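Reading through the structure tokens given below for one structure.
Naming convention: chains lettered A, B, ... in sequence-line order (proteins, then strands); numbering from 1 in each chain. Just so you know, these numbers come straight off a predicted model, no measurement behind them.
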There are 2 protein chains.
Amino acid sequence: MSLPKELKMKGGMLTTQHEALLNIVRTATIIGKLSNAFFGRFGITEAQYNVLIVLKLADKPLTQVEIGERLVVSRANMTALLDKLEKKAYVIRKKVEGDRRIFQIELTKEGRKLLDKVEPAYLRQVESNMACLNLSACKALSRVLTLLRENLHITEEERHE
Amino acid sequence: MSLPKELKMKGGMLTTQHEALLNIVRTATIIGKLSNAFFGRFGITEAQYNVLIVLKLADKPLTQVEIGERLVVSRANMTALLDKLEKKAYVIRKKVEGDRRIFQIELTKEGRKLLDKVEPAYLRQVESNMACLNLSACKALSRVLTLLRENLHITEEERHE
DNA sequence: GCTATACTGTAAATAGGTTAACAGTTAGCC
DNA sequence: GGCTAACTGTTAACCTATTTACAGTATAGC
């Protein structure tokens, strides 16, 4: 169903560009709800899973700020996220010699075990979610959205000048 | 910058489909942050604006459930959202004769006045955000995302069977 | 060496979202 | 008519996110 119909709006009320933007946001909202329903079955949330995956894929130990940069999550929020992951024993904060401000965050054995369970199932879910798009459609989609993100960063900077 | 680079992952770690999905979510996240920065200048949030716009565009008075359906917002959440909008006097809950369970939600004069101020500025911001995509790119994007959403609804229903 | 500045993590208040349980009301059905 | 089921809105507990303010630490420059 097209967006104007979902919103029960008369046709012609949205510009083509506005409709595209709302389509992005709405699709992401629905993906987010499906994801959280999925991860909930494993006792974690999407945000927590993202942290674990970034830690697993990083080529060096990361600080809280570094994780936040990769995930577009604020420092304050990383504190709260890691508090919960540490309480569940999936990560630990390790003190760093030479800089007492920072922690290095490490996956624990339990964290890795959880990922071994969740990751394959998650990839299957992603495949099922995206099954209606062929490879070239996916590539075109990524290309357009990457271009758009670059434009958003630029207009954001302009607004701050 | 492509997603694998933003995440500082080695290439080839994501399938094309997975990368497309993450591109959608990440782009929407950034749009959401920009939107909330924008609406914050008018003392409202994106979610609150969405409620006001749906009320303005509806062709009949809406109940809380009906607003929630259009916006994919739960009943519980609509209560909280409308509490805030009613406190700011942008909407009122009106009792309905013949069904004491429901309210009809109406925009107040202040609500309309706010929209008259916010809407034009918002449309300009949307245009600037999407300026890097031409009309046919926007149409293609909307078409692909609409198709994807339909597929998501289907796989969601399958999982509940 | 000292000071000013920048950086890191934390905390509190606020907002939006979830689910689960609940009360009141309506509607269907025997 | 009366019981049951469905619907509407609220509440509480929780999670994620925001901004602001703060403490502690590190660094650069004088």
Side-chain angles (χ1 to χ4, degrees), chain A residues 25-26 28-52 61-69 71-88 90-105, chain B residues 25-26 28-52 61-69 71-88 91-105 160:
Chain A
V25 173
R26 196 177 187 87
T29 300
I30 291 168
I31 291 172
K33 286 183 207 242
L34 289 176
S35 293
N36 272 321
F38 171 82
F39 290 118
R41 299 208 289 272
F42 298 93
I44 57 174
T45 63
E46 185 183 12
Q48 292 170 13
Y49 176 77
N50 289 339
V51 172
L52 296 179
L62 299 179
T63 65
Q64 303 192 180
V65 165
E66 287 169 333
I67 301 172
E69 280 167 2
L71 293 174
V72 198
V73 167
S74 66
R75 265 181 309 156
N77 203 3
M78 276 310 308
T79 295
L81 269 173
L82 289 173
D83 283 351
K84 270 153 212 152
L85 285 172
E86 201 170 26
K87 208 155 127 190
K88 298 182 205 170
Y90 294 142
V91 305
I92 51 171
R93 290 171 161 104
K94 286 214 171 161
K95 289 183 183 169
V96 176
E97 292 207 18
D99 192 336
R100 279 183 288 179
R101 288 173 303 181
I102 63 178
F103 296 109
Q104 283 180 349
I105 313 300
Chain B
V25 173
R26 195 178 188 87
T29 299
I30 291 169
I31 291 172
K33 286 182 207 246
L34 288 176
S35 292
N36 271 321
F38 171 82
F39 290 118
R41 299 208 289 272
F42 298 93
I44 57 174
T45 63
E46 185 183 13
Q48 291 171 15
Y49 176 77
N50 288 338
V51 171
L52 297 178
L62 299 180
T63 66
Q64 303 192 179
V65 165
E66 287 168 334
I67 301 172
E69 280 167 2
L71 293 174
V72 198
V73 166
S74 65
R75 267 181 309 155
N77 204 2
M78 277 308 309
T79 296
L81 268 173
L82 288 173
D83 283 351
K84 272 155 210 153
L85 285 171
E86 200 168 27
K87 208 155 127 190
K88 297 182 205 170
V91 306
I92 51 171
R93 290 171 162 103
K94 286 216 170 159
K95 289 184 184 169
V96 176
E97 292 207 18
D99 192 337
R100 278 183 289 179
R101 291 172 301 182
I102 61 179
F103 296 110
Q104 282 180 349
I105 313 301
H160 293 328

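- If you find the closest nucleotide of DNA chain D to Glu46(A) and to Arg75(A), the one lying nearer the 5' end belongs to Glu46(A).
- Atom NZ of Lys84(B) and atom C1' of dT18(D) are 13 Å apart (whole Å).
- Here the C1' atom of nucleotide dC15(D) and the NZ atom of Lys33(A) are 14 Å apart, to the nearest Å.
- Contacts of Gly98(A) with the nucleic acid, taken as non-hydrogen atoms under 4.0 Å apart, involve only primed sugar atoms and P, OP1 or OP2.
- Interatomic distance, Leu85(B) CG to Ile44(B) CD1, rounded to the nearest 0.5 Å: 8.0 Å.
- Of the residues listed (Phe39(A), Phe38(A), Phe42(A), Tyr90(A)), the one engaging Tyr49(A) in a ring pair (Phe, Tyr, Trp, His ring centres under 6.0 Å) is Phe39(A), and it is the only one.
- Looking at every heavy atom in both residues, Gln64(B) comes nearest to Phe103(B) through OE1-CD1, 3.8 Å.
- Atoms CG (Asp83(B)) and P (dA12(D)) sit 12 Å apart, rounded to a whole Å.
- To the nearest angstrom, C1' of dC15(D) lies 9 Å from CG of Asn36(A).
- In this entry the distance linking CZ of Arg101(B) with P of dT8(D) reads 6 Å, nearest Å.
- Judged by closest nucleotide on DNA chain D, Lys88(A) is the one of Asp99(A) and Lys88(A) placed further toward the 5' end.
- Atom CG in Leu82(A) sits about 12 Å away from atom P in dA17(D), given to the nearest Å.
- Counting any heavy atom pair closer than 4.0 Å across all strands shown, Ala80(B) reaches no nucleic acid atom.
- The distance from atom CG of Asn77(A) to atom C1' of dC14(D) is 15 Å, rounded to the nearest whole Å.
- Note: Glu66(A) CD to Ile102(A) CD1 = 7.5 Å, rounded to the nearest 0.5 Å.
- The distance between atom CD1 of Ile67(B) and atom C1' of dG9(D), rounded to the nearest whole Å, is 12 Å.
- For Ser74(A) and dA17(D), the shortest distance from a side-chain N or O to OP1 or OP2 is not below 4.0 Å.
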Please output the side-chain donor-acceptor pairs of residues 74-83 of chain B that fall under 3.5 Å, not counting sequence neighbours, one pair per line with the distance.
{"unit_1": "Ser74(B)", "atom_1": "OG", "unit_2": "Asn77(B)", "atom_2": "N", "d": "3.3"}
{"unit_1": "Thr79(B)", "atom_1": "OG1", "unit_2": "Arg75(B)", "atom_2": "O", "d": "3.4"}
{"unit_1": "Asp83(B)", "atom_1": "OD1", "unit_2": "Arg93(B)", "atom_2": "NH1", "d": "3.1"}
{"unit_1": "Asp83(B)", "atom_1": "OD1", "unit_2": "Arg93(B)", "atom_2": "NH2", "d": "3.1"}

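- Contacts between chain A and DNA chain C, taken as any atom within less than 4.0 angstrom of a protein heavy atom, begin and end at dC7(C) to dT18(C).
- Without hydrogens or angle criteria, Lys94(B) side chain to Pro61(B) main chain gives no donor-acceptor distance under 3.5 Å.
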Please test Thr45(B) against Lys84(B) for side chain to side chain contact (heavy atoms under 4.5 Å, CB included), starting from the C-alpha separation and ending with a verdict.
-> CA-CA 10 Å; Thr45(B) 63; Lys84(B) 272 155 210 153; over 6 Å; no
